[in-house]
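Single-structure report; data block below.
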Amino acid sequence: CMQGVRLSMDMCLVELFEIVPESRNLLMDYGLKRLIEEDVLDVLGDKLSVNGLFRISRVPEEEKYEVWNKIVSLAS
């Protein structure tokens with residue numbers, strides 16, 4: 001576990017995947033799979049935040065926090 005790095009929904013995807021590799025699998029159903037299929041993850045990965053991914057994938061507010069809490073618990 002990396003100490004001192006605060007997880008936030010505003011961090012870019014690449015950063016999150018470095019800190020919590022398992023978050024990749026969790027986010028597949030929330031828009032990540034589409035980015036990979038459309039071959040734009042390489043371009044967007046260091047610009048798009050977790051929040052941004054949720055927004056473009058129209059993830060409902062409660063669900064957003066549910067997924068995020070799972071990611072946070074994976075990190076601890």
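Bear in mind that the values here come from a model prediction, so they are computed numbers and not experimental data.
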Over all heavy atoms of both residues, which pair between Gly45 and Cys12 is shortest? Give the atoms and the distance, please.
O-CB, 3.7 Å
Taking all atoms of both residues into account, what is the closest heavy-atom pair of Leu7 and Val72, and its distance?
CD1-CA, 4.1 Å
Tell me which pairs pass salt bridge (Lys or Arg N to Asp or Glu O under 4.0 Å) where either residue lies in residues 63-76, with sequence neighbours left out.
Glu61-Lys64
Restricting to side chain to side chain contact (heavy atoms under 4.5 Å, CB included), what partner residues turn up for [X], sequence neighbours left out?
X	answer
Ser49	Asn51
Glu38	Arg34, Val40
Glu37	Lys33

With rounding to the nearest 0.5 angstrom, report the [atom1] to [atom2] distance, [X] to [Y].
X	Y	atom1	atom2	answer
Leu48	Leu41	CG	CG	9.0 Å
Asp46	Met11	CG	CE	13.5 Å
Ile36	Leu27	CD1	CG	10.0 Å
Glu15	Ser23	CD	OG	11.5 Å
Trp68	Tyr30	CH2	OH	14.0 Å

Whether Ser8 side chain and Asp10 backbone form a donor-acceptor pair below 3.5 Å:
yes
The single option from Val20, Leu13, Val14 that satisfies side-chain contact (heavy atoms from CB on, under 4.5 Å) with Phe17 is Leu13
Leu35 versus Ile56: any side-chain heavy-atom pair under 4.5 Å?
yes
Transitive ILVMFWY side-chain link Met28 to Leu74, under 4.5 Å
yes
